[in-house]
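In what follows, chains carry the letters A, B, and so on, assigned in the order in which the sequence lines appear, proteins first and then strands, with residues in each chain numbered from 1. In what follows, every heavy atom counts, from backbone to side chain, and hydrogens, waters and symmetry copies are set aside.
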There are 2 protein chains.
Amino acid sequence: MSEPMYRLIARDLREQIESGAVGPGAQLPTELELRDRYRASRNTVRDAVKWLMTRGLVETRPGQGTFAVQRIQPFVTTLSPNPETGLSGVEGAGAFAEVRERGRTPSASGPRVEVQLADGAIAARLRIPEGAQVVTRHVEMYIDRVPWSLQTTAYPMTLVSPDALDLLTAQEIPGGVAAYLKLKLCIEEIGHRDRILVRLPNESEIRFFRLPDDGRVSVATVVRTGYRDGDHGPEPYRVTFTVFPADRNQFVINSGRVPKDLAAPARG
Amino acid sequence: MSEPMYRLIARDLREQIESGAVGPGAQLPTELELRDRYRASRNTVRDAVKWLMTRGLVETRPGQGTFAVQRIQPFVTTLSPNPETGLSGVEGAGAFAEVRERGRTPSASGPRVEVQLADGAIAARLRIPEGAQVVTRHVEMYIDRVPWSLQTTAYPMTLVSPDALDLLTAQEIPGGVAAYLKLKLCIEEIGHRDRILVRLPNESEIRFFRLPDDGRVSVATVVRTGYRDGDHGPEPYRVTFTVFPADRNQFVINSGRVPKDLAAPARG
DNA sequence: GCAAATTTGTTCGTATGTATT
DNA sequence: CAATACATACGAACAAATTTG
């Protein structure tokens, strides 16, 4: 009896799901039926279902039953700049363009603007002291009205001169913030550094993306630090955090000469 | 009584962990102690601990107790080519160089070479029929003797001519496969496309990386397709799958002019 | 709109097995 | 070997969500 019973039950159910005997979205037998079928107690059956649930194979709906999960068609975001437009798919116009190119409809909430104190994550990227003032602009992005990403950009408060007060207005800046900063403050982005990291979602992310409440689905964060010309080499002037649910998003980075086609989702 | 008791207990324990009252690695009270403290049954306490475990906040060791998890210092891999060497940090010499640059010691298993039939994932990338023959080279990489990544590169079998039989030998090719292919077959990589995707680990990955058996820790896969010059534009000639545990790895992509310093881990 | 039936969720008690010290 | 601590398993009861009649 090396393997516990709930694992045996879980394995059996799993094979039925992966073999296709129980199709995606199909309902599994109820807990009481499974109890009879496997001659176990309801609690043991529930342990097996819980095991499958942690691994994202099934989901339970109170009052309804247990269901095999639906496979999600992932969305692909291109991080490297489009050679024609120079824009990448994570932010602003580039993101909208890529979504449209894939035949889907992007939308975004008007930015929510705040002046706040830099936390450790922001301070480290902008090379400013923790607690220094920053302007943050938050945007919620949707694809076909479905929550897609949460984006926060932070600028040092020192950037906000009388010439560039629009940074503080909670409105979309026509043409994008980058063009605005270039026009008003002669700040040009000479390069950026993307960091990709995976972590568990926090509560607000779980709410916004409607993720399962357990820690099953991670989020991928793209941290983009933008640099401008400075006295001692490139100097950070903004940092953008974009959070994506990891179960329905992939990222593509092109380097050198690659096919022009839109990158399709991959398995791996 | 809107919130169930096991959630209340879990929340209380969680606050103690996140506030630092229970430091990383510290042992929590035993289940029986918790049962007395919260005036609940042992099963309810176990439900609370299970909730914390799914979210990666604690780990249990049979016969020992329940412990707050250790924070892992993530390792940062640079995907974009190093401007000086032209090598990226995911594979071959570039990976070794980046690990050494960070003051740590890389090592790798000698490659395991197989001739196998292309599955869907490989076939789609190489634009060959599913089931066509491919040569695969598997490498296990370690940092300071700790499992770091699993790498598999597939080449179409049609590449293996009498001039380039070394592809089939289970030995490290001095100078790397890229240089070898250029010398022997005049195949030069003119560009590559990286895809990053996050998924749950399979059984062999759980074993190799010593991941928890539940689905808590995801793996990030970097799928790199290498292109050479072809009659109708860039043509794929190899695809490399590199699998990293997502809880201890981050990825960096530089674009344009950025600081020369080694990118440090980020939060976000 | 309401009541009944169904289904999963929570909580308790208890017993026994297995890993570690 | 004994004590400790977590793991598995069973049975029972009631609560909450949902669908159905």
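Proximity of A:T30 to the phosphate of C:dT6: no side-chain N or O atom is located under 4.0 Å from OP1 or OP2. For C:dC12, one of the phosphate oxygens OP1 or OP2 lies less than 4.0 angstrom from a side-chain nitrogen or oxygen of B:T44. Side-chain N/O atoms of A:T66 include one lying less than 4.0 angstrom from OP1 or OP2 on C:dT8.
In this structure, A:D47 and B:L28 both approach DNA chain D, and ranking their closest nucleotides by distance from the 5' end singles out B:L28. When the nearest nucleotides of DNA chain C are assigned to B:S41 and A:Q64 by heavy-atom distance, the more 5′-ward of the two goes with A:Q64. Projected onto DNA chain D by closest heavy-atom contact, B:N43 and B:E31 fall at different nucleotides, the more 5' of which corresponds to B:E31.
Rounding to the nearest 0.5 Å places CD of B:Q250 at 12.5 Å from CG of A:D194.
Per the geometry, CZ belonging to B:R7 stands 15 Å off P belonging to D:dA16, to the nearest Å. The CG-P distance, from A:L32 to C:dG9, rounds to 12 Å in whole Å. Following rounding to the nearest Å, B:R46 (CZ) and D:dA9 (P) show an atom-to-atom distance of 12 Å. Rounded to an integer number of Å, the gap from CD of B:E3 to P of D:dA15 is 19 Å. Rounded to whole Å, atom C1' of D:dT19 lies 11 Å from atom CD of A:Q27. Note: CD (A:E59) to P (C:dT8) measures 13 Å, nearest angstrom. Per the geometry, CZ belonging to A:F67 stands 17 Å off P belonging to D:dA17, to the nearest Å. Atoms NZ (B:K50) and C1' (C:dG9) sit 13 Å apart, rounded to a whole Å.
Nucleic acid contact class of A:R61 (heavy atoms, under 4.0 Å, all strands): sugar-phosphate only.
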Discussion item. Evaluate B:E98 against B:R102 for salt bridge (Lys or Arg N to Asp or Glu O under 4.0 Å), listing each step before the verdict.
Written reply: CA-CA 6 Å; B:E98 182 158 22; B:R102 295 180 190 276; 3.0 Å; yes

Practice prompt. Apply salt bridge (Lys or Arg N to Asp or Glu O under 4.0 Å) to the pair B:R37 and B:E33, showing each step before the final yes or no.
Written response: CA-CA 6 Å; B:R37 173 186 302 185; B:E33 284 169 330; over 6 Å; no

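Around CZ of B:R267, the count of heavy atoms belonging to other residues, nucleotides or ligands within 6.0 Å does not exceed 12.
In summary, the side chains of A:N202 and A:S204 do present a donor paired with an acceptor at a separation below 3.5 Å, with no hydrogens or angles considered.
For D:dA7, the base has a donor-acceptor partner in the side chain of B:R42 [N/O atoms by modelled type, under 3.5 angstrom].
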